[in-house]
There are 2 protein chains.
Amino acid sequence: MEIQGLPGRVLGELGPAIASGEIPEGAVLRGEELEERFGVSRTVVREAVRVLEGMRMVASRRRVGITVQPKSLWDVFDPMVIRWRLAGADRSAQLRSLGSLRMAVEPAAAALAALHASDDDRRELSSLAVELTVTARAADLTAFLGHDIAFHSLVLRASGNEMFAHLGDTVGAVLTGRTEYQLMPHQPEPYAIRLHREVADAICAGDAVQAERAMRTIVTGALAELEQQLG
Amino acid sequence: MEIQGLPGRVLGELGPAIASGEIPEGAVLRGEELEERFGVSRTVVREAVRVLEGMRMVASRRRVGITVQPKSLWDVFDPMVIRWRLAGADRSAQLRSLGSLRMAVEPAAAALAALHASDDDRRELSSLAVELTVTARAADLTAFLGHDIAFHSLVLRASGNEMFAHLGDTVGAVLTGRTEYQLMPHQPEPYAIRLHREVADAICAGDAVQAERAMRTIVTGALAELEQQLG
DNA sequence: ACAGCCAAAAAGTATGACGATTTGGTTTCC
DNA sequence: GGAAACCAAATCGTCATACTTTTTGGCTGT
């Protein structure tokens, strides 16, 4: 699901370098310089740069070169940008932003899911809530992470809103990042587990208000925990 | 703020054609075909296609061609994709999705703005609320639209969350679309105007709860109106 | 000091050649 | 007759090169 070939390789190095600030805002690169740096042809560099231009991270101007745009212009919703920022120096800022976004979106998605979810989705959700409980008790963090991601993604998808659905991967990246960087308790909180169960039950019962409330409690807790960890 | 040159022109025709469904999911294009269709060289076609690939609208495979990806894979948060869909056959679906997104994000943004807005932002917000009232009374729809966009963008920006801030343009596109396509009352509702004022006052007073409530009422109303208009 | 012009620098575009990979048919061998 | 191996064509991928266009900054002349 990544861009392939040499342009993909260039993108995969240049993107993170810019996202991390290693190549700072306002820096000017020349195409030829990039050709040498990556040992590829003009064609390849240009295609990679075009993609970066598409996400507003750089702008190319004749007689000047390729300018790194100010961060405020970047397409911060682009999954690549999010991944690059999560992997680099901007991690905390990115996690904070995403935390607020989850805070806004996930409760709304849970409410919509209670109204629109298919029977299959409801069943799957219930089953995931159970597995979540099991893996949490077993303190199997890897399996727990997988089920947690599946749970939140499913709620977002079941909301019936394509834009919410697309945030599934992003939320997944957040949860993964938080586990990887030790930003969560070693043992998942029993209280949080219970809340996941409540969300599932409420969605199954078609209770939008309750689903929204329980989900809000989950993401509020997650955000609070994050703030505490990040200081 | 658009991609320039020939690739930009190709993108500007090909993107909308795909977004509108004129070139349907699963369709396979050949590079050479596009060269002829647009009268440009390989270089140009390839760069445009790469950008589309970056937004996951197409995938290019050897010996096969350039395949239009299913809509569910597209980067639905990409501003270009949003614009193209708003301009084409998908308009209603896109407006609905964006409506739910606003419903989730704007109240949260208003609450954050009440906590984090700068003094300048608060002043500007107050002033915009006044101008909104004036232009609404004068039934000057164009000026009203401008102020409405500025108001909502400012709240999103003042939230202090970069991701919320980036939705400003998108919300602007929604409001513009709704005015252009006659999806709103000819005379702005006095009640809605009053609510904008309440949002501004609450943010100025640092009252997050009240700001969130008033903003929620605004977007709930907007969404209800939209659903009614779209049937 | 100012205006206008000119030249260099960098990206933009076009084109031809070749490489790599995938697909689908064809042949060959059981 | 079927299956496996092979081969050839189609198409994208990459490179190198030549030429064009735009922009900028300096130079020149008044």
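Please read all numbers here as calculations on a predicted model, not as lab measurements. Hydrogens, waters and symmetry mates play no part in the numbers below; they use all other heavy atoms, side chains included. Each chain gets a letter, A, B and so on, in the order its sequence line appears, and its residues count up from 1.
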Rounded to whole Å, please give me the gap between [atom1] in [X] and [atom2] in [N].
| X | N | atom1 | atom2 | result |
| --- | --- | --- | --- | --- |
| B:L34 | C:dA14 | CG | P | 14 Å |
| A:R61 | D:dT22 | CZ | P | 15 Å |
| B:E35 | D:dG13 | CD | P | 12 Å |
| A:R30 | C:dA8 | CZ | P | 17 Å |
| A:E32 | D:dA18 | CD | P | 15 Å |
| A:R42 | D:dT17 | CZ | C1' | 9 Å |
| A:L29 | C:dA9 | CG | P | 19 Å |
| A:R9 | D:dT14 | CZ | C1' | 13 Å |

Legend entry - Enclosure of A:D90 CG (heavy-atom neighbours >12, cutoff 6.0 Å): yes
Look at the side chain of [X] and decide which nucleotide, out of [options], has an atom nearest to it.
| X | options | value |
| --- | --- | --- |
| A:S41 | D:dT11, D:dT14, C:dG12 | D:dT14 |
| B:R63 | D:dT11, D:dA10, C:dT13 | D:dA10 |
| A:I66 | C:dG19, C:dA11, D:dC15 | C:dA11 |
| B:R62 | C:dT13, C:dA10, D:dG13 | D:dG13 |
| B:V64 | C:dT23, D:dT24, C:dA14 | C:dT23 |
| B:S60 | D:dC15, C:dA14, D:dC12 | D:dC12 |

Legend entry - Between A:H196 and A:H152: side-chain donor-acceptor atoms closer than 3.5 Å: yes
Legend entry - Residue pair B:H116 / B:N161, side-chain donor-acceptor N/O under 3.5 Å: no
Inset, instruction - Look up atom OG1 in B:T170 and atom CZ in A:F77, then write down how far apart they are to the nearest 0.5 Å. - result: 7.5 Å
Inset, instruction - Ignoring backbone atoms, establish whether A:R46 has a side-chain N or O less than 4.0 Å from OP1 or OP2 of C:dA10. - result: no
Inset, instruction - Evaluate the side-chain proximity of A:L95 to A:L86: yes if any heavy-atom separation is below 4.5 Å, no if none is. - result: yes
